Amino acid sequence: NAGVTQTPKFQVLKTGQSMTLQCAQDMNHEYMSWYRQDPGMGLRLIHYSVGAGITDQGEVPNGYNVSRSTTEDFPLRLLSAAPSQTSVYFCASSYRTSNTEAFFGQGTRLTVV
Amino acid sequence: DAKTTQPNSMESNEEEPVHLPCNHSTISGTDYIHWYRQLPSQGPEYVIHGLTSNVNNRMASLAIAEDRKSSTLILHRATLRDAAVYYCILRAWAYNTDKLIFGTGTRLQVFP
């Protein structure tokens, strides 16, 4: 049981480049979400999904796209990277009920130069 | 989205109990109170959650006020490994939406 797996762990991008952060879970969780965490700050919700084919925006969605074609995977796409997107990104998953715990990946540290 | 308020930081000595408070005056009847913690350079990890009654598990206890407008996470004997940022979150599920919104959390320092 691998839990929530994020790849890559580290990435450096040039301004304007695009890339996809990968998130996969093997727990058959319906709910998945992406957060960003800037230095000294809490986590801010970017996008989330309550099931395959269903996604919605969180607090800070601009500059990011998501899709959910399978239950297991929830990739986060940066369309045109900007230095303001330098951050640590966390993916989370859980069953689709408020009476359960969420599991988090170990994070992707992204630097945009 | 219902908000939570926590102190920015707290300190404790090792082996002493720690009480971490959280205010959530706008909580609704279906919101569960969740606590997560984040150790340095790691993703958040689940600690405990509850609805109305006090809850205990191997990591901590959760005391919920009778009016549910506040709660307290209790670490019975703090260790150096408990030094982390602790987040109190309200989680409610409604059809096609389920957001886990984090606040700023409480940074707990534990001294030997």
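Keep in mind the model is a prediction, meaning the values are calculated, not measured. The sequence lines fix the lettering, A, B, ..., with proteins before strands; numbering per chain opens at 1.
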Is chain B contacted by the side chain of [X], its backbone, both, or neither, given a heavy-atom distance below 4.5 Å?
X       : answer
F103(A) : neither
T100(A) : both
L45(A)  : side chain
E30(A)  : neither
Q6(A)   : neither

Are any of the side-chain nitrogens in [X] or [Y] under 4.0 Å away from the carboxylate oxygens of its partner?
X      : Y      : result
E16(B) : R77(B) : no
D38(A) : R44(A) : yes
D82(B) : R37(B) : yes

Verify the ring-centre separation between Y35(A) and F102(B): is it less than 6.0 angstrom? yes
Which one, G42(A), G105(A), G107(A), A102(A), leads in non-hydrogen pairs under 4.5 Å with chain B? A102(A)
As an exercise: rank L43(A), V4(A), V88(A) by heavy-atom pairs under 4.5 Å with chain B and give me the winner. L43(A)
I'd like to verify something: which residue of E45(B), Q42(B), Q38(B) has the highest number of heavy-atom pairs under 4.5 Å with chain A? Q38(B)
If the plane angle is over 60° it's perpendicular, under 30° parallel, otherwise tilted; pick one for Y48(A) and Y31(A). tilted
Using a cut-off of 6.0 Å, state whether more than 12 heavy atoms not belonging to R68(B) lie near its atom CZ. yes
